[in-house]
Amino acid sequence: MSSSNNSLAMQRIVKLLDENSFMEIGSLVTARSTDFNLSNADTPSDGVIIGHGLIDGNLVFLYSQDASVLNGTIGEMHAKKIASVYDMAMKMGAPVIGFLDCAGIRLQESVDALDGLGQIYLKEAEASGVVPQISAVFGSCGGGLATVGAMCDFNFIESSKGRMFVNSPNAIPGNRMDKCDTSSAQYQSKETGCVDGIGTEDEILDSIRDLVCLLPGNNGMGGLTEECGDDLNRACENLAAMKGDPRYVLSEIADDHVFFETKKDFAKDMVTGFIRLNGTTIGAVANCTEVYDAEGKKTEEFGNVLSARGCSKAAEFVSFCDAFDIPVLSLTNVKGYKAGKCSENNLAKSMAKLTCAFSSASVPKVNVIVGEAFGSAYVTMNSKSIGADMVYAWTDAKIGMMDAELAAKIMYVDADADLVKEKAKEYDQLQSGASAAARRGYVDLIIEPETTRKYLVAAFEMLYTKSVSDSLKKHGTK
């Protein structure tokens with residue numbers, strides 16, 4: 001059942017949901033303000049359509065702002081309708097999806113509209129970690145409304161008409177829209193860390209459907225598992241050759257080769273997203289040194305180091321997975337930290353967030369060392385030292401304090417080249433090989449790359465019943 005409203009707001013809902021599954025709520029609500037002749041204006045549904053429906057049989061609650069009614073601006077009743085969606089979603093334990101297309105706060109309603117925006121903020125905060133929150137920007141999303149999208153767990157922007165900003169490009173000193181459009185989908189996706197994907201309206205709706213089917217409806221479901229038709233022991237060829245691009249590795253080891261990437265344009269040196277292993281949704285975090293296009297050509301290259309943006313991106317993702325009982329897999333290939341003034345300003349804080357996220361996560365955690373794993377950067381990347389349940393290493397992985405040649409130069413400062421070379425080889429054998437870490441219990445098993453899927457399936461199956469007793473603390477501070 002659906003409303004007879006033929007607005008874009010309703011059309012988006014109908015395209016997203018299973019056929020004939022939408023049930024509208026509050027369709028007779030209108031604006032209450034009488035100031036500035038607003039009572040004479042026609043305000044059907046007060047500019048926002050709310051209700052519930054199904055995505056592949058999964059219950060979802062949603063709201064869709066209607067730009068054809070007072071430009072979709074937020075007023076008292078508009079906000080109360082959105083807040084009611086959150087209340088219902090938290091009671092029923094189902095995701096909230098919001099379609100944002102709004103010119104801002106309704107001037108005619110002043111403090112009532114401001115209070116309404118605050119109510120939306122409050123409901124988002126209350127729902128955080130309780131039910132998944134997904135938003136999509138199809139028009140304007142500026143000023144305080146940008147906070148609404150940023151507070152969601154996942155956010156998408158339509159590539160041509162979607163605009164998200166706190167300050168408009170022309171209001172930024174020294175900037176003009178024709179110089180740098182800071183509100184564009186492309187800019188927001190690459191620079192802010194608030195956007196998981198951009199595309200056409202249909203592409204975004206397809207992505208939301210895929211994402212909902214990967215996520216549990218709430219934090220009490222205990223993860224999400226479906227029947228798996230893929231071979232659990234399937235060999236994954238050529239993984240070692242493509243270890244630089246974890247998108248390829250994750251696609252290969254996943255059930256049916258499906259990898260859903262999040263924040264794909266932001267901090268590309270760190271990859272995050274979801275796969276399924278034996279039908280169970282797994283959150284994946286991986287260091288990235290190379291990016292390949294659909295034709296297999298290398299398009300970008302990065303050092304195997306941790307950056308401030310990459311750490312923040314991964315920390316936020318791990319925290320989401322932990323909140324919703326989604327097991328975490330990490331693919332480690334890192335030897336240090338990104339050097340640069342801009343990165344240095346934020347790197348220590350971001351590293352702390354990632355370290356705390358991995359350490360405090362109580363979900364099953366498995367780490368696969370696919371390349372280099374050196375120094376404290378490795379420790380931060382879900383090492384056994386900070387709580388990984390299982391750690392695997394590929395046969396050619398290097399694990400230790402630092403590169404063997406550099407270590408030899410530091411230990412034998414005044415030695416000649418031949419001695420340094422000899423000591424570097426000795427250091428590599430004694431300290432940097434995966435076998436050295438395995439002998440000390442820091443690696444559980446050394447595996448061939450092509451067997452990775454088989455071992456990961458077995459590890460997460462074993463960890464399925466993992467239970468960690470609650471501590472007395474309220475929450476961490478990072």
Side-chain angles (χ1 to χ4, degrees), residues 197 207 210-211 213-214 224-264 268-302 304 310 314 317 321 326-334 364-373 381-382 388 390-398 434 443-463:
S207 293
D210 291 341
L211 180 57
C213 293
L214 283 166
L224 187 65
T225 300
E226 296 186 352
E227 189 172 338
C228 174
D230 199 352
D231 181 3
L232 302 183
N233 296 313
R234 171 168 53 82
C236 303
E237 305 294 340
N238 301 318
L239 287 192
M242 294 294 290
K243 66 183 180 184
D245 191 344
R247 298 167 186 84
Y248 174 85
V249 177
L250 292 168
S251 297
E252 279 297 297
I253 64 176
D255 293 351
D256 303 315
H257 303 280
V258 175
F259 169 54
F260 187 99
E261 187 174 1
T262 60
K263 290 182 173 49
K264 60 181 68 176
K268 290 186 177 181
D269 58 305
M270 184 74 77
V271 171
T272 58
F274 299 103
I275 64 173
R276 280 197 180 99
L277 286 173
N278 193 17
T280 299
T281 296
I282 306 291
V285 176
N287 304 120
C288 176
T289 59
E290 298 169 338
V291 178
Y292 291 85
D293 60 19
E295 298 176 352
K297 296 179 181 178
K298 186 188 297 185
T299 58
E300 292 182 85
E301 194 168 1
F302 313 99
N304 56 338
F317 182 79
C321 291
I326 299 173
V328 174
L329 164 68
S330 58
L331 302 182
T332 298
N333 181 17
V334 65
K365 294 174 289 188
V366 178
N367 185 22
V368 180
I369 301 170
V370 301
E372 295 176 308
M381 275 298 296
N382 195 27
M390 294 291 293
V391 176
Y392 297 112
W394 286 357
T395 50
D396 61 348
K398 298 292 184 181
V443 169
D444 293 296
L445 194 64
I446 299 173
I447 62 175
E448 297 292 338
E450 59 268 22
T451 65
T452 303
R453 171 176 165 81
K454 176 179 69 173
Y455 282 105
L456 289 179
V457 167
F460 283 113
E461 184 175 352
M462 179 272 293
L463 292 166

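Because the structure is predicted, anything quoted here is derived from the model rather than measured. The figures that follow rest on heavy atoms only: side chains count, while hydrogens, waters and symmetry mates do not.
Residues M462 and M390 have side chains in contact (heavy-atom distance under 4.5 Å, counting atoms from C-beta outward). Taking 4.5 Å as the limit, some side-chain heavy atom of R247 sits within range of a side-chain heavy atom of V271. A heavy-atom distance below 4.5 Å is not found between the side chains of E290 and E300.
Contact detail for N287 and N333: the closest heavy-atom pair is OD1-N, 2.9 Å. Between A434 and I446, the shortest heavy-atom contact is C-CD1, 3.8 Å. Nearest heavy atom pair, residue V366 against residue A459, reads CG2-CB, 4.1 Å. The shortest heavy-atom contact between K268 and F302 is CB-CZ, 3.6 Å. Between A286 and P246, the shortest heavy-atom distance links the atoms CB-CB, 3.4 Å. Listed here is the closest heavy atom pair of Y292 and M242: CD1-CE, 3.8 Å.
Within the 3.5 Å criterion, the main-chain N or O of A314 finds no donor-acceptor partner in the side chain of T272. The backbone N or O of C288 sits nowhere less than 3.5 Å from a side-chain atom of D269 that would complete a donor-acceptor pair. A donor-acceptor distance shorter than 3.5 angstrom exists from the side chain of R453 to the backbone of D231, with no hydrogens or angles considered. Counting only distance, with no hydrogens or angles, the side chain of R234 and the backbone of D255 share no donor-acceptor pair below 3.5 Å.
Rounding to the nearest 0.5 Å places CG of L329 at 5.0 Å from CZ of F460. Going from atom CD of E461 over to atom CG of N278 covers 6.0 Å, rounded to the nearest 0.5 Å. K263 contributes atom NZ, which lies 9.5 Å from atom CZ of F317 (distance to the nearest 0.5 angstrom). Interatomic distance, L250 CG to F259 CZ, rounded to the nearest 0.5 Å: 5.0 Å. For the atom pair CZ of F274 and OG1 of T262, the computed distance is 6.0 Å after rounding to the nearest 0.5 Å. With rounding to the nearest 0.5 Å, the separation of CD in E448 from CH2 in W394 is 11.0 Å.
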Checklist entry - Please walk me through it: do L224 and L214 pass side chain to side chain contact (heavy atoms under 4.5 Å, CB included)? => result CA-CA 7 Å; L224 187 65; L214 283 166; 5.6 Å; no
Next on the checklist: Set out, in order, the CA-CA distance, both residues' side-chain angles and the distance that settles side chain to side chain donor-acceptor pair (under 3.5 Å) for T332 and N367, then state yes or no.
Outcome noted: CA-CA 7 Å; T332 298; N367 185 22; 2.8 Å; yes
Next on the checklist: Show, in sequence, the C-alpha distance, side-chain angles and deciding distance for T289 and E372, and conclude whether the side chain to side chain contact (heavy atoms under 4.5 Å, CB included) test is met.
Outcome noted: CA-CA 11 Å; T289 59; E372 295 176 308; over 6 Å; no
Item to check | Residues L463, K365; criterion side chain to side chain contact (heavy atoms under 4.5 Å, CB included); working and verdict | outcome: CA-CA 8 Å; L463 292 166; K365 294 174 289 188; over 6 Å; no
Item to check | Trace of the side chain to side chain contact (heavy atoms under 4.5 Å, CB included) decision for I253 with L239 | outcome: CA-CA 9 Å; I253 64 176; L239 287 192; 3.9 Å; yes
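Among L456, I282, T281, D256, the single residue meeting the side chain to side chain contact (heavy atoms under 4.5 Å, CB included) criterion with I275 is I282.
Residues satisfying the ring pair (Phe, Tyr, Trp, His ring centres under 6.0 Å) criterion with Y455, sequence neighbours excluded, are Y392.
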